[in-house]
There are 2 protein chains.
Amino acid sequence: MLHAMQDSPSLLRSRGLRATEPRKQVIAALSCGSVPRSPQEIFEAVEGAVNLVTVYRMLEDMEKAGLVHRHHPTGKFVLCPMPEQKGHHGFLHCVRCGKTEEFMEPALCKIENTIAKRAGFTPVSHLSAIDGHCAACR
Amino acid sequence: MLHAMQDSPSLLRSRGLRATEPRKQVIAALSCGSVPRSPQEIFEAVEGAVNLVTVYRMLEDMEKAGLVHRHHPTGKFVLCPMPEQKGHHGFLHCVRCGKTEEFMEPALCKIENTIAKRAGFTPVSHLSAIDGHCAACR
DNA sequence: ATTAGTGCAAATTCTTTGCACCCTA
DNA sequence: TAGGGTGCAAAGAATTTGCACTAAT
């Protein structure tokens, strides 16, 4: 997350997006605290410095670019800590404090592929979210 | 699913909900085709026979009762094929035709628990959805 | 200089709330 | 007949669209 905050311009450019002021601000807001945020919450976090409509459009672009992910079932957004890595990203989400961390676990992927195959499905993408209490909120 | 269609009244009553005409219609609509449906889509499926607002309230109640589940990331609703069974329910969803089936896989649960523990999380609930192409849409 | 990106205003769409009436158990 | 459910009207949120203007490359 920090790497994104420290150098959001190159992060953006590496994904084919221009490094604009609004985008840098939104990334900065998202990189604070590992908590998923809704468009409205991001808008408030930047204190209205970026238009809400722009936040919507931006998140759409950044999601396509793999820079942010939507956390389900909340539907909020988090910065992807490893945008270069392909594969199944999953979330660990604390229902008390909201802290959310992303993980990648090949073994989980493998089982999901097995389940899909068994049912005659050709898997394309996976989504998994684990809700619970984090160490601090135990 | 068929069992629900054939006897939605007892299904409803077994969960403490009254077997009303609107509810029977919504369950019938949901049990057709194993496709997740939004409140609006359900409203259209019953051809306006049930008020849209009622559909919303109903889905809320039925979800609490464990009769329907929300499918993520679409946010639409499906009838739960096994409301008696506890544990982690997951979805297999065809991105072409929309067909969605639910599964339960202890091995998946187990890995997710491991992931959570490893990160110091106490897991409370899991969500997983696999998108892909079903046998018919291959 | 180009063209992606942004802001503003306004339209849509989605979801919730309040309240009176109805119908299931 | 009592209380859970429903419909209707209306409010409130959330999300999208069009278009002119700005700014990054």
Side-chain angles (χ1 to χ4, degrees), chain A residues 4 7-30 35-79, chain B residues 4 7-30 35-79:
Chain A
D7 196 7
S8 51
S10 55
L11 183 62
L12 285 163
R13 293 199 192 95
S14 73
R15 298 259 140 190
L17 299 175
R18 290 183 181 179
T20 67
E21 198 46 47
R23 279 182 184 149
K24 285 187 271 181
Q25 296 213 41
V26 167
I27 289 180
L30 280 175
V35 180
R37 292 181 168 83
S38 66
Q40 180 67 43
E41 287 166 344
I42 292 169
F43 175 69
E44 283 158 17
V46 300
E47 294 173 312
V50 182
N51 187 286
L52 179 56
V53 175
T54 301
V55 173
Y56 273 97
R57 288 195 274 227
M58 215 149 116
L59 289 169
E60 197 183 321
D61 296 341
M62 290 171 70
E63 188 179 27
K64 261 183 209 144
L67 280 180
V68 301
H69 288 159
R70 217 181 266 259
H71 168 261
H72 292 283
T74 64
K76 299 184 177 183
F77 296 85
V78 290
L79 213 48
Chain B
D7 194 7
S8 50
S10 55
L11 183 62
L12 285 162
R13 292 197 194 96
S14 73
R15 298 258 140 192
L17 299 175
R18 291 185 180 178
T20 68
E21 198 46 48
R23 279 181 184 151
K24 285 188 270 181
Q25 296 212 41
V26 167
I27 289 181
L30 280 175
V35 180
R37 292 181 169 83
S38 65
Q40 180 67 41
E41 286 166 345
I42 292 169
F43 174 69
E44 284 157 18
V46 299
E47 292 171 315
V50 182
N51 187 286
L52 179 56
V53 174
T54 302
V55 173
Y56 273 96
R57 288 195 273 226
M58 213 149 141
L59 289 169
E60 197 183 321
D61 295 341
M62 291 170 69
E63 188 181 26
K64 260 183 209 143
L67 279 180
V68 302
H69 288 160
R70 218 181 265 258
H71 167 261
H72 292 284
T74 64
K76 299 183 178 183
F77 295 85
V78 289
L79 214 47

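Lettering follows sequence order; numbering is per chain, from 1.
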Inset, instruction - Salt-bridge test for A/Glu60 and A/Arg57: reply yes if a basic N is under 4.0 Å from a carboxylate O, no otherwise. - result: no
Inset, instruction - Would you mind reading off the distance between B/Gln40 atom CD and C/dT16 atom C1', rounded to a whole angstrom? - result: 15 Å
Inset, instruction - Just compare C/dT15, C/dG5, C/dG7 and give me whichever is closest to any side-chain atom of B/Leu52. - result: C/dT15
Legend entry - Any A/Asn51 side-chain nitrogen or oxygen under 4.0 Å from OP1 or OP2 of C/dC8: yes
Legend entry - Nearest-Å distance for atom pair CZ/C1', residues A/Arg70 and D/dT15: 11 Å
Legend entry - Distance in angstrom units between A/Met58 CE and D/dA23 P, rounded: 16 Å
Inset, instruction - Would you mind telling me which of C/dC8, C/dC14, C/dT6 lies closest to the side-chain atoms of A/Val53? - result: C/dC8
Legend entry - Sugar-phosphate only, base, or nothing, as touched by B/Arg57 at under 4.0 Å among non-hydrogen atoms: base
Legend entry - d(CZ, B/Phe43; C1', C/dT15) in whole Å: 14 Å
Inset, instruction - May I ask you to verify if any side-chain N or O of A/Thr20 is less than 4.0 angstrom from the OP1 or OP2 atom of D/dA24? - result: no
Inset, instruction - Please figure out whether B/Tyr56 or A/Arg23 has its closest DNA chain C nucleotide nearer the 5' end. - result: A/Arg23
Legend entry - Closest-nucleotide ordering on DNA chain D, the 5'-leading residue of B/Ala49 and B/Arg18: B/Arg18
Inset, instruction - Can you figure out which of D/dT25, D/dT6, C/dA25 approaches the side chain of A/Ala19 most closely? - result: D/dT25
